[in-house]
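Bear in mind that the values here come from a model prediction, so they are computed numbers and not experimental data.
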Amino acid sequence: MIDWIAPALIALVAWWVGLRTGSRRTTRRMVTEAELARSELAQRLNELISLQELSTALAESLDVQNVVNSVADHVSRSVAADGTLVAVAKGGELPLRVVMARGGLSALAGQEIKERDAGLIGLAMGLEQIQVALAVEQQKPELVRGFQVGAAAVAPFCAHGVTVGALATVRHKAEPFSAEDQKQLATVAAHAAIVLENARLFELIRSGKEQWETTFDALADAVALLDHTNRVRRANRALGILAREPIPALIGRRFPGDVIGESAALCGYLESVRLSQAPSSTTTRAALPGGTRTLRCTGSALPQPDGDWLVILIEDVTEREALEAQLIQNEKMAAVGQLVSGVAHELNNPISSIAGLADFLRSKGSTPEGELNHIDVIHEQAERAAHIVRSLLSFARKGPAELTDVDLNEVIRSATALISHELKLRHIELELDLSEPLDAVRGDRHELQQVVLNLLTNAVQAVGDNPPDRARWVRAETTQRDQHIVITISDSGPGIPAELEPQIFLPFFTTKQAGEGTGLGLSITYRIVEGHKGQLSVTRPTDGASQFVVSLPVAGKDRPAAEMEAESEQHGAEPATRANAGNIRVLVVDDDPAVRQSLGLTLAGTAFHVQYAGDLTEARAMLRQHSYDIVILEPRTLSPDLPSLPADLFENWPELRSRTLLITGDVRLETEQWLARSQCPYLRKPVSAQALRTAVTTILQARASRS
């Protein structure tokens with residue numbers, strides 16, 4: 001009994017000792033496993049916290065540089081690497097730009113990676129998944145062409161189906177990146193890719209917005225965005241300039257009333273645009289701070305949840321309309337000019353005949369004294385008709401631009417005669433205070449008459465708007481001050497506001513209502529006066545009316561000496577004396593028999609021997625038979641359309657070039673240009689007897705001086 005108890009106790013004790021030993025081993029193993037679990041859990045928590053911090057940092061900024069810096073900081077903490085690099089592509093296409101490079105990759109910072117040089121980075125982007133590489137023996141992977149490393153891991157940035165770049169880490173030694181490292185890189189790359197793509201899209205939107213706003217503000221025409229109540233929600237710079245208001249002040253204002261003034265027609269147009277029943281545009285007049293303007297508005301509906309908004313384009317077409325009106329006026333004046341030119345030529349021939357025959361009858365010693373008065377009346381009426389023709393040409397602006405000595409008093413009298421009827425209709429008194437005697441000025445009579453007429457017309461229109469209790473008068477004065485003639489045109493009108501005086505000589509500026517003026521009259525007047533080396537100014541008399549002052553230099557001050565000497569010689573030329581008259585042969589070539597007769601009789605009165613030809617063929621025949629000292633020729637006889645001397649006329653009779661006097665009633669511009677090129681002296685019809693004899697004598701004297 002005792003024998004078996006002892007071994008049993010020993011066995012029991014051994015079992016108990018073994019049991020305790022195993023339990024301690026198990027406990028130690030369990031503790032170790034728990035510690036490992038806790039360590040791994042802590043590591044995962046740290047990773048999650050780090051990723052959370054990264055996500056928060058990425059979410060707080062859309063700036064690419066901030067994003068890549070946050071990515072690099074996270075990778076440096078989570079992955080053991082000798083260098084980190086972030087490269088970004090525009091729109092998912094190569095080339096790449098290295099926007100961040102640290103450690104062993106810092107040499108690549110800022111470089112551009114083209115497709116042929118992309119290496120492992122290009123492979124990762126092409127396959128759109130992480131790529132790792134490890135050096136094997138002497139073969140090292142190339143992160144990019146020419147840049148070898150011991151080990152590399154590259155994760156592409158892929159988001160929304162677009163690859164926007166890559167994240168790369170490298171080690172100098174051939175130490176592979178673990179699965180955990182690769183997982184970290186893939187997770188970071190996924191987060192960063194979304195942010196980088198969002199940043200790229202945001203930059204596109206921001207850039208597009210800036211471009212749109214720049215274009216919106218750069219438009220020369222005004223643009224307004226109106227809500228469903230026609231209040232301005234957006235406005236560009238041009239609208240602010242038009243309304244003379246800063247852009248913020250326009251926001252919320254009612255259009256058109258608070259912006260360009262009330263317009264029932266424009267309000268109706270806006271409603272029609274919303275109903276898709278409007279014409280393409282509408283035109284309205286607006287009283288703006290800078291003056292009344294003509295605006296063309298074009299609208300388009302913009303659907304919105306609270307009702308259709310409108311986009312309105314507002315064009316200032318004031319100058320365009322003025323130009324169109326001026327072009328129409330120019331076309332009318334051109335047509336009038338053509339008509340007047342033809343009429344003037346047809347009238348000049350009979351007027352020349354009447355005046356010439358009157359001169360001939362007046363010069364005959366046998367004419368009874370009682371008939372001389374009748375002849376004087378005929379001559380006076382012929383001169384009157386000639387003056388009417390010249391006035392028509394001046395009105396049509398077809399008169400030749402010639403510099404002559406001009407009597408400004410006579411110019412004022414002529415201009416006032418043209419407006420005398422309007423003065424009577426408007427019950428306006430005209431006051432003339434013209435100094436006598438007055439030196440002449442050198443200029444174009446027609447243009448100077450236009451200056452005076454423009455100023456007088458403006459004065460008449462200003463006075464015509466006077467109320468019944470205000471005086472109605474227009475005054476024209478002339479004075480001579482040293483070497484200048486001063487014309488003063490004043491009136492009893494309301495005057496020009498002081499703030500508008502600096503603008504009145506600008507083209508298209510006008511204070512008149514639509515259709516009453518183009519704003520060109522004073523600017524043209526200013527140009528003409530300036531072209532005559534004069535000055536035009538406006539003053540405000542004490543009574544508040546307006547007063548325009550024209551100052552022009554007297555003749556002779558700036559004239560070339562050669563021109564004055566030539567005129568002196570011409571005016572001093574005397575008609576041919578009767579001593580040599582019988583030996584001077586004259587050929588008159590004109591297709592009008594009456595003109596031929598009057599010219600011949602004028603010269604016959606001085607005992608010239610005159611013969612006649614009605615056309616060029618007859619003239620050639622007579623030139624072959626006789627020698628002539630002078631040929632008086634109407635160029636239109638040679639060609640009804642454009643005068644041109646036949647080549648054989650001066651080739652066969654070369655001496656005729658210095659002996660030919662051209663006399664024409666054609667006032668066309670091409671005729672004027674041809675006369676200037678002809679190298680022959682010329683006169684215009686109607687020709688007075690004195691002018692004809694003086695021209696003939698000048699030719700004879702020039703011939704004698706060459707002999």
Side-chain angles (χ1 to χ4, degrees), residues 61-65 88-93 97 160 162 164 196-261 263 265-267 269-276 278-286 288-324 508:
S61 174
L62 289 176
D63 181 75
V64 172
Q65 199 61 48
V88 176
K90 289 186 177 181
E93 297 180 357
R97 185 173 64 87
H160 310 306
V162 178
V164 295
L196 287 175
E197 177 61 7
N198 289 342
R200 184 182 73 85
L201 295 176
F202 176 79
E203 179 62 24
L204 286 176
I205 294 172
R206 186 192 63 80
S207 176
K209 180 175 179 291
E210 287 182 355
Q211 292 177 7
W212 179 84
E213 289 182 343
T214 301
T215 304
F216 184 68
D217 275 336
L219 288 174
D221 296 324
V223 181
L225 177 63
L226 311 180
D227 63 16
H228 63 285
T229 63
N230 285 348
R231 294 191 178 274
V232 177
R233 294 305 177 192
R234 291 294 302 271
N236 69 343
R237 186 180 291 110
L239 183 59
I241 294 173
L242 187 66
R244 301 280 180 93
E245 292 278 1
I247 294 176
L250 296 175
I251 306 303
R253 288 192 179 182
R254 186 172 51 87
F255 184 90
D258 298 338
V259 180
I260 61 173
S263 173
L266 185 52
C267 289
Y269 173 77
L270 298 180
E271 189 60 31
S272 299
V273 171
R274 286 193 172 89
L275 299 175
S276 302
S280 58
S281 63
T282 187
T283 302
T284 185
R285 297 281 292 178
L288 296 168
T292 302
R293 312 295 292 176
T294 302
L295 305 178
R296 179 178 296 161
C297 300
T298 305
S300 179
L302 186 66
Q304 294 290 324
D306 58 349
D308 284 352
W309 288 22
L310 297 177
V311 178
I312 301 297
L313 176 69
I314 307 155
E315 302 174 80
D316 186 348
V317 296
T318 308
E319 283 76 14
R320 186 188 308 172
E321 282 195 344
L323 282 174
E324 290 173 354
F508 305 112

Colleague: The test is salt bridge (Lys or Arg N to Asp or Glu O under 4.0 Å); show your working for Glu324 and Arg320 and say whether it passes.
Modeller: CA-CA 6 Å; Glu324 290 173 354; Arg320 186 188 308 172; 5.3 Å; no

Colleague: What are the two closest non-hydrogen atoms of Ala224 and Leu239, and how far apart are they?
Modeller: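 Closest heavy-atom pair between Ala224 and Leu239: CB-CD2, 3.8 Å.
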
Colleague: Taking all non-hydrogen atoms of both residues into account, name the closest pair between Thr318 and Thr294 and its distance.
Modeller: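 Of all heavy-atom pairs spanning Thr318 and Thr294, the closest is OG1-N, 2.8 Å.
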
Colleague: Shortest non-hydrogen contact from Ile312 to Cys297?
Modeller: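 Taking every non-hydrogen atom into account, CG2-CB, 4.4 Å.
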
Colleague: What distance separates Asn236 CG from Leu242 CG, expressed to the nearest 0.5 Å?
Modeller: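 Result: 10.0 Å between the selected atoms.
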
Colleague: Mind checking what makes salt bridge (charged side-chain N to carboxylate O under 4.0 Å, His left out) contact with Arg233, not counting sequence neighbours?
Modeller: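 Counting only residues at least two positions away or on another chain, Arg233 forms a salt bridge (charged side-chain N to carboxylate O under 4.0 Å, His left out) with Asp227.
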
Colleague: For the CD atom of Glu245 and the CG atom of Leu288, what is their distance to the nearest 0.5 Å?
Modeller: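 Answer rounded to 0.5 Å: 11.0 Å.
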
Colleague: Quick check for you: to the nearest 0.5 Å, what is the distance between Ile314 atom CD1 and Leu219 atom CG?
Modeller: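 The CD1 atom of Ile314 sits 11.5 Å away from the CG atom of Leu219.
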
Colleague: Could you tell me which non-hydrogen atom of Leu270 sits nearest to which non-hydrogen atom of Pro256, and how far apart they are?
Modeller: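 Smallest interatomic distance, heavy atoms only, reads CD1-CD, 4.4 Å.
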
Colleague: Do Ser281 and Arg296 have a side chain donor and acceptor closer than 3.5 Å?
Modeller: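 The criterion, which ignores hydrogens and geometry beyond distance, is not satisfied for Arg296 and Ser281.
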
Colleague: Where is the tightest heavy-atom contact between Asp217 and Ala235, given as atom of each residue plus distance?
Modeller: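 Closest heavy-atom pair between Asp217 and Ala235: OD1-O, 4.4 Å.
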
Colleague: Any side-chain heavy atom of Thr283 sitting closer than 4.5 Å to one from Leu295?
Modeller: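 No. Closest side-chain heavy atoms not under 4.5 Å.
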
Colleague: Has Asp258 got a side-chain atom pairing as donor or acceptor with Gly261's backbone, closer than 3.5 angstrom?
Modeller: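 Such a contact is absent between Asp258 side chain and Gly261 backbone.
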
Colleague: Might you work through the side-chain contact (heavy atoms from CB on, under 4.5 Å) test for Phe255 and Leu250, ending with a clear yes or no?
Modeller: CA-CA 9 Å; Phe255 184 90; Leu250 296 175; over 6 Å; no

Colleague: Apply side-chain contact (heavy atoms from CB on, under 4.5 Å) to Ile241 and list each qualifying residue two or more places apart in sequence or on a separate chain.
Modeller: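 side-chain contact (heavy atoms from CB on, under 4.5 Å) check on Ile241 returns Arg237.
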
Colleague: How long is the span from the CG atom in Asp308 to the CD atom in Gln304, to the nearest 0.5 Å?
Modeller: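 One finds 8.5 Å between CG of Asp308 and CD of Gln304.
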
Colleague: Distance check, rounded to the nearest 0.5 Å: Arg231 atom CZ versus Trp309 atom CH2?
Modeller: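 So the gap between those two atoms works out to 13.0 Å.
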
Colleague: Ignoring hydrogens and geometry beyond distance, is a side-chain donor-acceptor pair present between Arg253 and Asn230 at under 3.5 Å?
Modeller: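 Arg253 vs Asn230: no donor-acceptor pair found between side chains.
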
Colleague: Take Arg293 and Glu315 through the test salt bridge (Lys or Arg N to Asp or Glu O under 4.0 Å) and record every step on the way to the result.
Modeller: CA-CA 10 Å; Arg293 312 295 292 176; Glu315 302 174 80; over 6 Å; no

Colleague: Search all heavy atoms of Pro289 against all heavy atoms of Arg244 and return the closest pair with its distance.
Modeller: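 Closest approach of Pro289 to Arg244, heavy atoms only: CB-CG, 3.5 Å.
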
Colleague: Working to the nearest 0.5 Å, report the span between CG of Asp221 and OG1 of Thr298.
Modeller: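 Asp221 CG to Thr298 OG1: 9.0 Å, rounded to 0.5 Å.
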
Colleague: Ignoring hydrogens and geometry, is there a side-chain-to-backbone donor-acceptor pair from Tyr269 to Gly299 under 3.5 Å?
Modeller: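 It does hold such a pair.
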
